[in-house]
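Everything on this sheet refers to the single structure shown next.
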Amino acid sequence: MTSTSQDNRANLYPEITPKEEVETGNEISHFILDFIDEDLAPGGRSEGMRIHTRFPPEPNGYLHIGHAKAIVIDFGTAELYDGLCNLRMDDTNPEKEDESYVEAIKQDIHWLGYDWGDRFYYASDYFEEMYGYAEELIEKGLAFVCEQTPDEIRDTRGTLTTPGTNSPWRDRPIEENMDLFRRMRAGEFPDGQYTLRAKIDMTSGNMNMRDPVIYRIAHKEHHRTGNTWCIYPMYDFAHPLEDAIEHITHSLCSLEFEDHRPLYDWFIENCSVPSKPRQIEFARLNINYTVMSKRKLRALVEEGLVDGWDDPRLPTLRGLRRRGYTPRAIRDFCERNGVSKVPSVVDVKFLEYCLREDLNKRAPRAMGVLDPVRLTITNYPEGKKETFVVDNHPNDPDAGSHEITFSRHLLIERDDFMEDPPPKYHRLYPGNLVRLRGACIVRCTGCKKDADGNVKEVLAEYITGTRGGTSPPGEKVRGTIHWLDEETAVPCEIRLYDHLFAVEDPDGDPRDYHELLNPNSLTVLTDAYVEPWLVTAHSKIGYQFMRQGYFIEDNHDSSEEHLVFNRSVSLRDSYKPDM
RNA sequence: UGGGGUGUAGCCAAGUGGUAAAGGCACGGGACUUUGACUCCCGCAUUCGCAGGUUCAAGUCCUGCCAUCCCAGCCA
């Protein structure tokens, strides 16, 4: 179908790694880096140490672009200081977590361009050590076994404005606490019978300090430790210990953990851990016209409102990948947004800009017609055919070239013809000269319509001496349009995407989210055509369909027999009809 | 009548007492153009949530106020 002599270098541009990015010098500066610099300075808490961070996802869902920001910060910060970043599954709750997410998470992080070397861990690896620290707290009189029910705990915790009251079990003797805790571990009690609580301060203004539960009984099989344990540590207790055990120097997390920091520090101080990590919080990423919470994403998937976790309209990394987002663009987006403590909502236009910027430099150009109408070159003989060579990239000669064919009957975009155009319309209308990109100049001579007045065929004649598309002497051709040879054009399906939600802030809208969905978030074009080159080119980063946008083959549904393209993002369009 | 944060342009975001408040996105205008793309130029906060105060000098320091986000899981 396609010529074998084509210079096919659609994948000329490799992904560059984040490390190479750092080396090519992005100047990044924000408060976390300032803190680290202080810690590294003489007399600082990290003086002489190698910076060590971690990314600690809970394996209970797929990663989204909000996680990407955290990943870029965690791994990126380590890279910046020539330090290390661990990947750790925070699997302390067997009720919610599952091994099936683990591989997906690792895959997505690798895809984003980061690597944790041999430092892949599970929080559950440390259950024994954590248990030891809990016994230490009991021994120090800093933890007690409590018999209050969940309701009682809630009732005695107090409210935001009133202090809590001590549990009646708070002063249980150390030996008794130890005995009970060991029997909790031994499985002598049913779920919920006892908890282990830290003994801190029931009157604290910080709710987290009101004798928080640090161990609960759950006779539940854990995805890794099986039935070894029937007591599991809570996040607030487990996390600082995990960090300390791994010698994390800086534990970077999101803002909602800010008021957990006193608790974090309390455990670090009161358990004889091998290192003293510092927790620093930053604002998580939000983007308008979408939702980021796992709960809401899950609802969309489970209700079948989208096509799985990798639906191209979703902000999941799998969705973005299927949509055609490059790791480079996502990293760039995260970095350029900066790191601060301002709860912010970034304009999705900025994300799109980052993608265009990347793809403009690297994506091979091709022609695709989304909404076709026939263009007949009336002075070009029926049956004649010729071939043109077009560059794969207008600004980069090294990107190679490929061939396209031309004949009497072509396919053009329906809106590139108007019988009665507004002023400054540079495309086809009776009498106007237009360039068929890469082929020649034609003059529009009219059109044929069906009984209902719909344009069925546009008519034009080519201007001799304009082969390749050079302007005829003395004339300036303002309009250039894309086209396909009807004979060789390959039919395909094209999917156009728009915001999943019709409102800017779905989270802040009181209406039910079903009402907020954008009914036009997906448009399927079944009568679209592309160059035959695309059947075999297989560009990993997709193509720019000239004058349209960037498109990538769908990683589920496309095949050489039935091509399916997703529009990753449209081109900027500054054309405004004068009315 | 709790605790912890945050307020610099439509959106991000620098700024750490001293000549004119970075930069990017968006937006508007122009040049160039075989993509109405790209690229390139120009414009876009007399003012930093508000009100006082300190100072020769305040977005930066002080006081008060306002707005807004997070916290009452045996979730993370």
Side-chain angles (χ1 to χ4, degrees), chain A residues 29-30 34 56-58 60 90-93 95-97 123 146 148-150 153-155 157-164 191-197 203-210 212-218 231-232 234-236 238-239 253-262 281 283 285 288 294 333 336-354 356-357 360-361 365 367 390-391 393-395 424-427 435-441 466 468-471 477-482 544-549 570-576:
Chain A
S29 152
H30 54 75
D34 294 344
E58 184 185 13
N60 71 342
D90 211 353
D91 58 349
T92 57
N93 184 358
E95 306 275 347
K96 299 167 71 172
E97 294 136 9
C146 186
Q148 286 185 308
T149 65
I153 289 183
R154 184 170 3 90
D155 293 344
R157 187 156 23 222
T159 70
L160 294 178
T161 53
T162 59
D191 291 2
Q193 166 92 246
Y194 294 105
T195 58
L196 184 69
R197 293 228 255 164
T203 68
S204 172
N206 183 343
M207 301 295 288
N208 298 303
M209 302 297 271
R210 320 244 262 226
V213 170
I214 61 178
Y215 264 94
R216 76 279 211 178
I217 300 174
I231 57 172
Y232 293 95
M234 301 286 290
Y235 169 87
D236 281 318
H239 207 84
C253 64
S254 48
L255 244 31
E256 69 266 31
F257 293 106
E258 206 154 15
D259 50 10
H260 292 240
R261 189 177 352 125
E281 312 83 11
L285 172 68
N288 57 13
K294 271 183 199 165
F333 171 73
R336 293 169 74 155
N337 273 324
V339 181
S340 75
K341 302 185 72 152
V342 187
S344 56
V345 183
V346 178
D347 196 332
V348 66
K349 285 195 166 88
F350 187 56
L351 212 210
E352 294 173 344
Y353 165 82
C354 291
R356 284 194 194 102
E357 190 183 53
N360 174 52
K361 287 187 219 130
R365 311 289 132 125
M367 293 198 277
V390 292
D391 291 338
H393 194 115
N395 310 322
K424 294 190 201 154
Y425 180 85
H426 303 315
R427 288 112 90 166
R435 173 181 298 106
L436 298 181
R437 199 191 143 94
C440 63
I441 311 289
T466 60
T470 46
S471 290
V477 178
R478 297 291 306 271
T480 299
I481 64 170
H482 58 280
Q544 184 197 95
F545 290 177
M546 280 187 292
R547 304 206 306 133
Q548 293 287 1
S570 66
L571 249 31
R572 268 182 55 185
D573 182 9
S574 61
Y575 173 67
K576 293 179 255 352

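Naming convention: chains lettered A, B, ... in sequence-line order (proteins, then strands); numbering from 1 in each chain. Note that these values count all heavy atoms, side chains included, but never hydrogens, waters or copies made by symmetry. Computed from a predicted model, the values in this text were never measured in an experiment.
Nearest to the side chain of A:R572, among B:G2, B:C38, B:G7, sits B:C38. Comparing atom distances between the A:R157 side chain and each of B:G73, B:A76, B:G3 picks out B:G73 as nearest. Comparing B:G5, B:G24, B:G2 against the side chain of A:R336 picks out B:G24 as the nearest. Distances were taken from every side-chain heavy atom of A:R437 (C-beta onward) to each of B:G36, B:U35, B:A76; the shortest belongs to B:U35. Ranking B:C38, B:G15, B:C74 by closeness to the A:S29 side chain, first place goes to B:G15. In the set B:G3, B:A14, B:C75, B:C75 carries the atom at the smallest distance from any side-chain atom of A:N93. In the set B:C11, B:U35, B:C74, the nucleotide with an atom closest to the side chain of A:R365 is B:U35. In this structure, the nucleotide among B:G3, B:A13, B:U35 sitting nearest to the side chain of A:D259 is B:G3. Counting only heavy atoms from C-beta on, A:S344 has its side chain closest to B:A13 among B:A26, B:A13, B:C75. Picking from B:A26, B:A72, B:C74 the nucleotide with the shortest atom distance to the side chain of A:L160 gives B:A72.
A donor-acceptor pair is defined here as one N or O able to donate and one able to accept, closer than 3.5 Å; such a pair exists between the side chain of A:R210 and the backbone of A:R157. Under a 3.5 Å cut-off, the side chain of A:N206 and the backbone N or O of A:D259 do form a donor-acceptor pair. Distance alone, capped at 3.5 Å, is enough to place a donor-acceptor pair between the A:T159 side chain and the A:T161 backbone.
B:C27 is paired with B:G43 under the criterion used here, namely a Watson-Crick or G-U wobble arrangement in which both key atom distances are under 3.5 Å. With a cut-off of 3.5 Å on both Watson-Crick or G-U wobble distances, the partner of B:G7 is given as B:C66. Base-pair partner of B:C38: not found among the strands shown (Watson-Crick or G-U wobble, both distances under 3.5 Å).
Among the protein residues, A:I153 comes within range of the nucleic acid bases, having at least one heavy atom under 4.0 Å from a base atom. Residue A:M234 is in sugar-phosphate contact alone, with no base atom involved, counting any heavy-atom pair closer than 4.0 Å across all strands shown. When heavy atoms are screened at a 4.0 angstrom cut-off, A:H239 is found touching no nucleic acid atom at all. No contact: A:D191 has no heavy atom under 4.0 Å from any strand. As judged by a 4.0 angstrom heavy-atom cut-off over every strand, A:K341 is placed among residues touching the sugar-phosphate backbone only. Residue A:Y232 is out of contact with every strand shown, counting any heavy-atom pair closer than 4.0 Å. Looking at heavy-atom distances under 4.0 Å, A:Y425 makes contact with a base. A:T195 comes within 4.0 angstrom of a nucleotide base, judged by non-hydrogen atoms across all strands. Within the nucleic acid shown, A:R261 has no heavy atom closer than 4.0 Å to any nucleic acid atom. In this structure, A:V345 reaches the sugar-phosphate backbone alone: every heavy-atom distance under 4.0 Å involves primed, P, OP1 or OP2 atoms, never a base. Using a 4.0 Å heavy-atom cutoff across all strands shown, A:T470 reaches at least one base atom of the nucleic acid. Contact annotation for A:V339: backbone-only contact, meaning every heavy-atom pair under 4.0 Å involves sugar-phosphate atoms and none involves a base. Residue contacts for A:Q148: at a heavy-atom cut-off of 4.0 Å it reaches a base atom on one of the strands shown. Note on A:T149: a base of the nucleic acid sits closer than 4.0 angstrom, heavy atoms only.
Neither OP1 nor OP2 of B:C12 sits under 4.0 Å from any side-chain N or O of A:S340. Remark: A:Y353 is in phosphate contact with B:C25, judged by side-chain N or O atoms under 4.0 Å from OP1 or OP2. The shortest distance between the side-chain N/O atoms of A:S574 and the OP1/OP2 oxygens of B:A37 is below 4.0 Å. Note on A:R210: every side-chain N or O is 4.0 Å or more away from OP1 and OP2 of B:A72. Phosphate contact (OP1/OP2 of B:C74, side-chain N/O of A:R154, threshold under 4.0 Å): absent.
In terms of polar N and O atoms assigned as donor or acceptor, the side chain of A:Q544 comes within less than 3.5 Å of the base of B:U35 in a complementary pairing.
Using the six-membered ring where Trp is involved, A:F333 and A:F350 have ring planes that are tilted, between 30° and 60° apart. The aromatic rings of A:F257 and A:H260 sit perpendicular, their planes meeting at an angle over 60°, well past the 30° parallel limit.
A:E95 and A:R216 are not joined by a salt bridge, as no carboxylate oxygen comes within less than 4.0 angstrom of a charged side-chain nitrogen.
In textbook terms, a nucleotide whose glycosidic angle is within 90° of 0 is syn, while B:G43, being further out, is anti.
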